[in-house]
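All remarks here apply to the structure that follows.
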Number of protein chains: 2
Amino acid sequence: MKKQADDLAAPTSLQRGLRILAVLGSAPVGGMRLSDIAEACTASEATTHRLLKSLIAERFVDQTTERRYRLSLDFFSLAACAANPDNLRDICRPHLIHLSATLNDTVFLLVRSGFHAVCVDRAEGPFPIRSFTGDIGGRIPLGIGQGSLVILAFLPEEEREEVIRFNIPRLLDMGAMDEVVLRTEIARAVAQGYSGVETGIIPGMTGVAVPIFDTNGRVVAALSVGTLKERLGPDRRPTVIELLRREAAIIGARVSPFDPALRRPAQYLGGVVAPLAAASRVTPGDVS
Amino acid sequence: MKKQADDLAAPTSLQRGLRILAVLGSAPVGGMRLSDIAEACTASEATTHRLLKSLIAERFVDQTTERRYRLSLDFFSLAACAANPDNLRDICRPHLIHLSATLNDTVFLLVRSGFHAVCVDRAEGPFPIRSFTGDIGGRIPLGIGQGSLVILAFLPEEEREEVIRFNIPRLLDMGAMDEVVLRTEIARAVAQGYSGVETGIIPGMTGVAVPIFDTNGRVVAALSVGTLKERLGPDRRPTVIELLRREAAIIGARVSPFDPALRRPAQYLGGVVAPLAAASRVTPGDVS
DNA sequence: GAGCAAATTCCATTGAGTGGAATTCTTTGC
DNA sequence: GCAAAGAATTCCACTCAATGGAATTTGCTC
């Protein structure tokens with residue numbers, strides 16, 4: 001198909017550069033070598049090298065000694081600005097902290113992004129927790145894990161079916177669940193208003209999650225608690241769910257997908273993190 | 001100067017695209033309009049529009065309704081892979097959690113990146129804390145705030161002087177401190193082995209930070225506690241510092257700037273987050 | 001220290017990137 | 001509800017920046 005060919009070949013040099021970033025995203029700790037990057041991008045080494053120079057010039061990529069390349073911390077820092085869609089993260093932070101302090105468990109904020117859920121924030125309890133989404137920034141197909149599943153469950157039917165169709169192969173690949181189990185769990189989540197799947201994929205762990213609806217009534221996110229199985233027994237469970245629900249309701253009331261008030265000409269340079277380009281333009285020598 | 005002109009003009013289209021990302025990084029919550037982006041990048045609207053299309057195709061940028069553009073969550077998710085230089089974040093997480101649970105306060109992990117310190121992780125105490133670096137991903141010039149200052153203080157002299165020369169204008173701009181205060185604080189931090197600056201910039205708040213040295217004896221990061229002033233009085237302070245020191249020592253012993261063992265051919269696709277490009281290549285329709 | 005492999009630079013060719021202009025879509029004011 | 005203004009998007013011919021093969025340099029290995 002031509003369409004697919006279009007996708008695979010990156011016609012623009014910008015896209016080639018962005019794919020280098022994507023490839024570097026899954027690089028091992030030490031970074032990647034030029035030849036490996038070039039191969040992964042199916043581009044010549046000369047081209048890859050030149051693109052990398054641009055990426056380095058804009059501070060998106062670091063070159064370590066050892067002739068290896070990796071994503072830079074500045075890049076991380078820039079992208080952190082993207083973690084706050086519709087102000088969700090800022091709105092939720094105090095609630096996450098409050099919940100985590102109350103429950104003494106780890107609480108996650110998951111936000112939908114296309115066919116995935118992304119962990120946008122978390123407030124840790126007193127011990128490390130293994131979760132599907134992994135850490136902040138972690139992505140997981142919609143349907144795997146409580147938070148992710150509860151978002152899927154409350155999507156409008158048409159969208160939900162589209163996501164299921166798209167994600168089923170992934171779920172199977174990951175050995176998470178088949179379509180029957182998924183649909184059962186979705187039905188249960190809808191009926192209960194929360195999700196408490198026990199996939200058993202992470203042994204000894206469990207969790208519950210509730211959806212967050214924006215002021216239009218659309219699911220945009222989920223609040224999720226992950227903990228040890230013994231900490232979600234019949235005694236604690238109902239209370240935990242009730243507390244999550246309460247916070248989710250408060251949060252949802254403050255989330256509108258687009259606030260017309262924001263149309264005023266904004267101060268683009270007022271953010272915490274200055275644009276990378278601006279920073280890179282100034283070199284130490286320039287200081288008089 | 002020609003050199004500066006080179007910096008300002010973005011000759012390659014990749015760099016133009018990256019600058020769009022940088023500009024979008026400081027966009028307000030609602031996103032930015034095409035014309036504003038074009039102006040901020042000093043590029044024509046036609047070019048900006050075409051570049052944005054590529055950025056969207058690679059899922060680095062979202063176009064909201066309302067004809068606005070913003071950084072995507074996938075972009076955030078990709079960049080999260082960059083937050084773990086030399087495995088620092090993974091190594092530190094359990095220690096952060098342990099400290100935060102022990103002290104009942106918020107603990108930050110700051111890593112040096114050029115002339116800045118970047119907050120790479122944090123474990124929250126039971127109430128929200130205002131800090132210089134802001135949240136995860138926040139950047140601050142080296143010298144402002146305890147963690148940032150303690151990194152600066154323990155840099156090798158030559159590097160330290162370079163950073164000071166570069167950052168002084170910033171510190172003055174931010175009203176943080178002048179050179180005399182900075183050098184006094186640095187000397188004190190070196191003498192004490194920790195930093196406990198009281199800039200008074202964030203009223204009622206204070207903190208202490210200790211450096212983390214890698215196995216080569218170079219400062220690479222700092223552990224920092226931020227809390228209310230009354231929680232760091234003469235009674236608690238020495239204990240807090242001692243606890244931080246102990247964890248920092250354990251961490252440092254595990255951090256080597258480059259581990260030759262990692263040279264083995266790595267499995268680049270084994271990460272939590274698949275490369276964006278790969279994800280974007282698959283469309284719902286492709287599922288058979 | 002020689003030999004090898006990887007990274008970096010060079011350069012002539014070519015087609016992708018560019019911005020002005022035309023078109024389409026939105027919003028606003030009356 | 002209509003018209004005019006303002007954005008966003010598309011088009012297109014020209015041009016210069018991107019390309020990849022080849023040459024050079026660097027760094028690693030034995």
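In what follows, chains are A, B, ... by sequence order, proteins preceding strands, each numbered from 1.
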Could you tell me how far apart B:Leu52 (CG) and D:dT9 (C1') are, to the nearest whole angstrom?
12 Å
When A:Leu110, A:Val150, A:Val163 are each screened for side chain to side chain contact (heavy atoms under 4.5 Å, CB included) with A:Leu142, the one that passes is A:Val163
Find which nucleotide of DNA chain C each of A:Leu14 and A:Gln63 is nearest to by heavy atoms, and output the residue with the more 5' nucleotide.
A:Gln63
Find the distance B:Glu45:CD to C:dT18:P and express it as a whole number of Å.
15 Å
Tell me the interatomic distance from A:Arg68, atom CZ, to C:dT8, atom P, rounded to whole angstroms.
12 Å
Rounded to whole Å, how long is the line connecting atom CD of A:Gln15 with atom P of D:dA18?
15 Å
Do any side-chain nitrogens or oxygens of A:His49 fall under 4.0 Å of OP1 or OP2 in C:dA7?
no
Under 4.0 Å between a side-chain N/O of A:Tyr69 and OP1 or OP2 of C:dT8, yes or no?
yes
Give the rounded distance in Å between these two atoms: CG of B:Leu55 and P of D:dT9.
14 Å
By the salt bridge (Lys or Arg N to Asp or Glu O under 4.0 Å) test, which pairs, at least two apart or in different chains, include something from residues 109-120 of chain B?
B:Arg112-B:Glu159
Interatomic distance where CD1 belongs to A:Ile20 and P belongs to C:dA7 [whole Å]:
13 Å
Using the test side-chain hydrogen bond (donor to acceptor under 3.5 Å, both in side chains), find all partners of A:Gln63 that sit at least two apart in sequence or belong to another chain.
A:Tyr69
Presence of B:Lys53 side-chain N/O under 4.0 Å of D:dT9 phosphate oxygens OP1/OP2
no
B:Asp86 with A:Arg70: basic N within carboxylate O range, under 4.0 Å:
yes
Does a side-chain N or O of A:Ser35 approach OP1 or OP2 of C:dA7 to a distance below 4.0 Å, or not?
yes
Generate the contact string for nucleotides 20-26 of chain D. Rules: B means base contact, S means sugar-phosphate contact only, - means no protein heavy atom under 4.0 Å.
BB----B
When rounded to whole Å, the CG to C1' distance for the pair B:Leu34 and C:dT24 reads 14 Å
Examine distances only and state if a side-chain atom of A:Asp62 and a backbone atom of A:Ser72 form a donor-acceptor pair shorter than 3.5 Å.
no
Using whole Å, report how far CG of B:Leu51 lies from C1' of D:dA18.
14 Å
State, yes or no, whether a side-chain contact exists between A:Met32 and A:Pro28 at a heavy-atom distance under 4.5 Å.
yes
Side chains of B:Thr48 and B:Leu51 in contact at under 4.5 Å (non-hydrogen atoms)
no
